[in-house]
*Asks:* 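Could you have a look at this structure, given as structure tokens, before my questions?
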Amino acid sequence: MPGIALYEIGVADGSSASPFVWRIKFALARKGLAYRSKMLSLTDIPKLFGGRFPTAPIIDFGERQMNESLAIADHLDAAYPDRPAIFACAAERMMIGFFDRWLLQVILTHVLPIYMLDAHDGSSPKDRAYYRESREAFYGRALEVIVAGREARLPDLRRAFDPVRETIAGQPFIGGQEPNFADMCLLGLFIFIGTIATLPPLAGDDVLVGYVERGLAVFGLEAVFLSLNLGQKAT
Ligand SMILES: N[C@@H](CCC(=O)N[C@@H](CS)C(=O)NCC(=O)O)C(=O)O
């Protein structure tokens, strides 16, 4: 079938939860490109395209298949130059490289020891044994041990987002008046956390809750926002 197919990771409730997939869903929306969604479990990935791609998102343009979210975003701008740009200029694209590393090396380091067991429990039942085995082998500890005492680590996670809070104090999005790819990456991460979290990551009155609501509204995703467990209710 012609057109674009996007391979996404489905979780137990049937929704798409991979933060990396969401970046590309936002990017495709920015480009105004329609696509067919193919919901996968993590354990399906090696069965696709001869096992060429170790991670999702995977995108199939018919004549070409790719993975790696940043490479896909680059390709979308190169292949569809007449549609709205994902990256406003080369300098912005280069700074996104920094932002992606900050998310992976700083923010995810706070997120995973709090949410790995939730990610396991919220994943597709087909993925749970693989998720546990692969993550426990990597960290050398049981998921339950990794997340033990996680409430005490929540303040560090919340503080790690201070650069974003300070940035959006003067503008609606990191990208300015409209979300750019940095916002798409961060919104994707909040969708992931908010989908699987049994412990809300943010205080209910955190400006970041409003930021996520505003960002998802730009993409017509008000219902997704309402489904997320992001902000702690006041007690
Ligand atoms: N650098 C990749 C990272 C993608 C990634 O890690 N995806 C996860 C899903 S959230 C995955 O497919 N993991 C495969 C696995 O756990 O076996 C990108 O930006 O696309």
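The figures that follow rest on heavy atoms only: side chains count, while hydrogens, waters and symmetry mates do not. Owing to the predicted nature of the structure, the values given are computational and were not obtained by experimental measurement. We count ligands from 1, going down the list as the structure has it; atoms in each ligand are counted the same way.
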*Asks:* Just heavy atoms, cut-off under 4.0 Å: does Phe192 contact ligand 1 by side chain, backbone, both, or neither?
*Replies:* neither
*Asks:* Taking the ring centre of each residue, are Trp102 and Phe98 less than 6.0 Å apart?
*Replies:* no
*Asks:* Keeping the roles fixed (side chain from Arg128, backbone from Asp121), state whether a donor-acceptor pair exists under 3.5 Å.
*Replies:* yes
*Asks:* Decide side chain to side chain donor-acceptor pair (under 3.5 Å) for Asp183 and Tyr211; before the verdict, give the C-alpha distance in whole Å, the side-chain angles of both, and the deciding distance to 0.1 Å.
*Replies:* CA-CA 10 Å; Asp183 294 288; Tyr211 161 82; 2.7 Å; yes
*Asks:* If the cut-off is 4.0 Å to any non-hydrogen atom of Pro54, which atoms of ligand 1 fall inside it?
*Replies:* 14 (C)
*Asks:* Looking only at distances, can you tell me whether any N or O atom of Thr55, backbone or side chain, sits closer than 3.5 Å to an N or O atom of ligand 1?
*Replies:* no
*Asks:* Could you check atom 13 (N) of ligand 1 against the protein and tell me its nearest heavy-atom contact, residue, atom and distance included?
*Replies:* Leu42 CD2, 3.8 Å
*Asks:* Would you sort out whether Leu103 and Leu186 count as a side chain to side chain contact (heavy atoms under 4.5 Å, CB included), showing the intermediate values?
*Replies:* CA-CA 8 Å; Leu103 276 185; Leu186 189 56; 3.9 Å; yes
*Asks:* Tell me which part of Ser134 gets within contact of ligand 1: side chain, backbone, both or neither, using heavy atoms under 4.0 Å.
*Replies:* neither
*Asks:* Ser18 heavy atoms, cut-off 4.0 Å: which ligand 1 atoms fall inside?
*Replies:* 9 (C), 10 (S)
*Asks:* Around atom CE of Met66, are there more than 12 heavy atoms from other residues, nucleotides or ligands closer than 6.0 Å?
*Replies:* yes
*Asks:* Determine, for Asp127 against Arg132, whether the closest basic-nitrogen to carboxylate-oxygen distance falls under 4.0 angstrom.
*Replies:* no
*Asks:* Among all protein heavy atoms in this structure, tell me which lies nearest to atom 19 (O) of ligand 1, with the distance rounded to 0.1 Å.
*Replies:* Ser69 OG, 2.6 Å
*Asks:* Which protein heavy atom lies closest to atom 6 (O) of ligand 1, and at what distance to 0.1 Å?
*Replies:* Phe20 CE1, 3.7 Å
*Asks:* Looking at ligand 1, is there an atom of it that comes within less than 4.0 Å of some heavy atom belonging to Ile45?
*Replies:* yes
*Asks:* What closest approach, in Å, do Arg141 and Glu136 show between heavy atoms, and which atom pair accounts for it?
*Replies:* O-CG, 3.3 Å
*Asks:* Ignoring angles and geometry beyond distance, decide whether Ile9 reaches within less than 3.5 Å of ligand 1 through its nitrogen or oxygen atoms.
*Replies:* no
*Asks:* Suppose we measure from atom 17 (O) of ligand 1 to each protein heavy atom; which comes out shortest, and what is that distance?
*Replies:* Tyr130 OH, 2.3 Å
*Asks:* Looking just at side-chain N and O atoms, do Asp44 and Ser41 make a donor-acceptor pair shorter than 3.5 Å?
*Replies:* yes
*Asks:* Within less than 4.0 angstrom of ligand 1, does Leu70 place any heavy atom?
*Replies:* no
*Asks:* Within the 4.0 Å heavy-atom shell around Pro57, which atoms of ligand 1 are there?
*Replies:* 20 (O)
*Asks:* Nearest protein heavy atom to atom 2 (C) of ligand 1, by residue and atom, and its distance?
*Replies:* Glu68 OE1, 3.2 Å
*Asks:* Starting from atom 7 (N) of ligand 1, find the nearest protein heavy-atom neighbour and note its residue, name and distance.
*Replies:* Ala56 O, 2.9 Å
*Asks:* For Tyr7, which of Asn67, Ile59, Asp60 qualifies under side chain to side chain contact (heavy atoms under 4.5 Å, CB included)?
*Replies:* Asp60
*Asks:* Do the charged groups of Asp206 and Arg158 touch, with an N to O distance under 4.0 Å?
*Replies:* no
*Asks:* For ligand 1, indicate whether the residue Asp100 contacts it via side chain, backbone, both or neither (heavy-atom separation under 4.0 Å).
*Replies:* neither
*Asks:* As a quick check of understanding, evaluate side chain to side chain contact (heavy atoms under 4.5 Å, CB included) for Leu42 and Tyr130, giving each step before the final call.
*Replies:* CA-CA 8 Å; Leu42 285 176; Tyr130 162 75; 4.1 Å; yes
*Asks:* With heavy atoms under 4.0 Å as the rule, classify the contact between Arg135 and ligand 1 as side chain, backbone, both or neither.
*Replies:* side chain
